Amino acid sequence: MSMFLQQCPPLFTFPSSSPSFSAQISVKSTVLCCLSPSPVTVVNGNTERSSSERNEIRLGLPSKGRMAADTLDLLKDCQLSVRQVNPRQYVAEIPQLSNMEVWFQRPKDIVRKLLSGDLDLGIVGLDTVTEYGQGNDDLIIAHDALEYGDCRLSLAIPKYGIFENINSLKELAQMPQWTVEKPLRVATGFTYLGPKFMKENGLKHVTFSTADGALEAAPAMGIADAILDLVSSGTTLRENNLKEIEGGVVLESQAVLVASRKSLIQRKGVLDTTHEILERLEAHLRAVDQFTVTANMRGSSAEEVAERVLTQPSLSGLQGPTVSPVFCKRDGRVAADYYAIVICVPKKALYKSVQQLRAIGGSGVLISPLTYIFDEETPRWRELLSELGL
């Protein structure tokens with residue numbers, strides 16, 4: 001098998017004379033090309049099997065940063081702890097999932113390797129999936145709300161100068177300053193979503209530049225008029241005299257579980273493993289900030305007690321209260337003078353629920369946090385099967 005290195009031309013270019021918007025982006029990369037097809041690839045002198053030959057199921061996780069730590073915490077809470085023998089290695093395992101390999105990668109590389117078939121599943125931010133997946137049909141969002149990594153991709157402009165009275169995307173687009181010769185300059189790392197968003201919103205004269213490090217400094221340095229970047233609280237923008245504008249949010253993002261359509265359909269075990277992961281994720285996330293409340297209540301029957309409980313709006317639980325007799329021995333005979341009520345209550349309504357239980361005769365109130373709530377069937381599993389046509 002003979003090989004050569006080929007320098008590729010720019011992947012995509014937006015000519016400055018484009019009628020829709022002006023943007024120039026040039027990306028170059030060096031690729032390894034083979035003169036003859038082969039299932040074996042040589043990388044740095046090592047021989048690796050092609051993705052079609054491997055039997056292991058591969059899950060890609062972020063390798064660094066807050067997203068990496070939060071992902072490991074979530075999996076641990078779902079009883080899917082990642083075991084990494086050597087912290088310097090990029091491969092690990094989840095003992096509870098047979099035949100599963102965990103690969104720690106940069107988020108954008110997780111998306112790329114899902115598309116190339118080198119990974120089957122991954123957990124990354126929705127912004128990363130959208131930017132580097134670029135609408136590819138092979139990527140399926142199996143779980144769209146893992147409830148961490150919340151941020152938004154947003155356009156920000158200076159609070160001062162010509163932008164002082166500009167507070168919306170529409171006003172920004174109507175500014176007479178932007179022409180073919182002098183377009184709006186936007187610094188961003190999102191070279192797919194940025195131009196797409198501007199074109200869809202009618203901003204015709206725009207050029208994009210990429211910058212390493214903190215983009216917030218670009219307008220003050222005079223190298224950009226605006227930035228398009230991820231925003232969490234907005235504090236960094238405010239501290240650098242920048243502001244978000246109405247209509248300027250490109251995307252609301254959080255951590256998601258993404259899968260390769262091909263892997264789900266063609267690779268043995270991937271669909272079943274995805275089902276188990278979804279079940280565990282859904283059960284844990286549904287139970288977050290939920291509490292089991294148990295109380296004793298005197299009554300003539302279970303039905304009579306249930307009627308009293310259901311008069312209070314915050315005591316209905318998931319599907320209704322569980323009422324069961326509490327047996328006591330009095331004067332030599334067993335009787336049920338009390339009934340135990342068990343309900344599920346969200347954290348924000350916990351104290352109010354306790355007050356309502358007391359008001360209708362509840363006593364001995366016990367409270368414990370919930371760990372998992374399993375549905376009869378996970379809704380997102382049904383949605384995934386529908387997406388796959390199964």
Side-chain angles (χ1 to χ4, degrees), residues 69-82 94-97 123 142-150 254-257 274-330 334-384:
D70 289 348
T71 300
L72 293 178
D73 288 343
L74 173 64
L75 291 174
K76 183 178 180 181
D77 290 339
C78 297
Q79 303 299 309
L80 294 174
S81 294
V82 176
I94 298 177
Q96 290 80 4
L97 298 175
I123 295 179
H143 198 299
D144 61 352
L146 296 181
E147 298 184 9
Y148 67 95
D150 297 80
Q254 64 175 299
V256 299
L257 174 66
T274 303
H275 186 195
E276 181 173 348
I277 293 173
L278 279 176
E279 290 266 27
R280 289 173 178 265
L281 288 171
E282 286 280 82
H284 167 68
L285 292 173
R286 194 171 178 207
V288 170
D289 291 334
Q290 295 282 342
F291 290 82
T292 298
V293 177
T294 305
N296 290 336
M297 189 176 297
R298 191 183 292 273
S300 58
S301 68
E303 290 76 11
E304 185 268 327
V305 170
E307 259 189 54
R308 267 192 284 159
V309 172
L310 291 172
T311 60
Q312 307 298 318
S314 66
L315 301 182
S316 57
L318 294 176
Q319 285 138 351
T322 299
V323 182
S324 55
V326 177
F327 293 99
C328 303
K329 192 170 185 180
R330 300 191 182 201
V334 176
D337 295 332
Y338 283 86
Y339 290 84
I341 298 93
V342 181
I343 57 173
C344 181
V345 175
K347 184 178 181 179
K348 61 183 179 181
L350 185 58
Y351 184 66
K352 182 179 180 181
S353 299
V354 171
Q355 287 180 310
Q356 290 180 350
L357 271 173
R358 286 171 171 166
I360 59 175
S363 62
V365 181
L366 303 177
I367 297 170
S368 58
L370 280 170
T371 305
Y372 304 105
I373 300 176
F374 284 93
D375 282 318
E376 184 177 352
E377 187 177 55
T378 304
R380 284 185 172 85
W381 172 244
R382 294 196 297 269
E383 293 170 8
L384 179 61

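Side chains included, hydrogens not; waters and symmetry mates left out as well; all remaining heavy atoms used. What you are looking at is a predicted structure, and each value in this text was computed from that prediction instead of being measured.
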* To do: Please check if atom CD in Gln96 has more than 12 non-hydrogen atoms from other residues, nucleotides or ligands closer than 6.0 Å.
  => yes
Would you list the atom pairs, donor with acceptor, under 3.5 Å between side chains in residues 281-291 and any protein atom, with sequence neighbours excluded?
from, atom 1, to, atom 2, distance (Å)
Glu282, OE1, His143, NE2, 2.8
Glu282, OE1, Arg380, NH1, 2.7
Glu282, OE2, Arg380, NH1, 3.3
Arg286, NH1, Asp375, OD1, 2.3
Arg286, NH1, Asp375, OD2, 3.3

* Closest contact, heavy atoms only, Lys76 versus Ser81 -> CG-OG, 3.5 Å
* Structure fact -> Value for CG (Leu97) from CG (Leu80), rounded to nearest 0.5 Å, stands at 5.0 Å
* Asked: Looking only at atom types and distance, does a side-chain atom of Arg280 sit under 3.5 Å from a main-chain N or O of Gln79, one as donor and one as acceptor?
  -> yes
* Return the minimal non-hydrogen interatomic distance between Val326 and Ala340, and the atom names on each side. => CG2-N, 3.6 Å
* Asked: Quick one: does Leu74's side chain get under 4.5 Å of Cys78's, heavy atoms only?
  -> yes
* To do: Measure the CD1-OG1 distance between Ile373 and Thr292 for me, rounded to the nearest 0.5 Å.
  => 7.5 Å
* Arg358 atom CZ, neighbour heavy-atom count above 12 within 6.0 Å -> no
* Mind listing the closest non-hydrogen atom pair of Arg308 and Ile360 along with its distance? => NH1-O, 2.8 Å
* Approximate separation, where rounding is to 0.5 Å, of Glu383 CD and Asp144 CG -> 7.5 Å
* For Pro321 against Leu310, the heavy-atom pair lying closest together -> CD-CD2, 3.5 Å
* Structure fact -> Taking every heavy atom of Leu384 against every heavy atom of Leu278, the minimum-distance pair comes out as CD2-CD1, 4.1 Å
* To do: Give a yes or no answer on whether the side chain of Gln254 reaches the backbone of Glu147 with a donor-acceptor pair at less than 3.5 Å.
  => yes
* **Interatomic spacing from OH in Tyr339 to CD in Glu303 - rounded to 0.5 Å** => 8.0 Å
* Asked: How many angstroms lie between atom NZ of Lys348 and atom OG of Ser314, to the nearest 0.5 angstrom?
  -> 12.0 Å
* Search all heavy atoms of Ala295 against all heavy atoms of Val365 and return the closest pair with its distance. => CB-CG2, 3.9 Å
* Count the heavy atoms belonging to other residues, nucleotides or ligands that lie under 6.0 Å from CD of Gln319, then report whether that count exceeds 12. => no
* Determine, stepwise, if the pair Leu370 / Cys344 fulfils side chain to side chain contact (heavy atoms under 4.5 Å, CB included). => CA-CA 9 Å; Leu370 280 170; Cys344 181; 3.3 Å; yes
* Asked: For Thr71 and Val82, what are the C-alpha separation, side-chain angles and deciding distance, and is it a side chain to side chain contact (heavy atoms under 4.5 Å, CB included)?
  -> CA-CA 10 Å; Thr71 300; Val82 176; over 6 Å; no
* Heavy-atom side-chain contact between Ile341 and Leu315 under 4.5 Å -> no
* Structure fact -> Rounded to the nearest 0.5 angstrom, the CG-CD1 distance for Asp70 and Ile123 is 11.0 Å
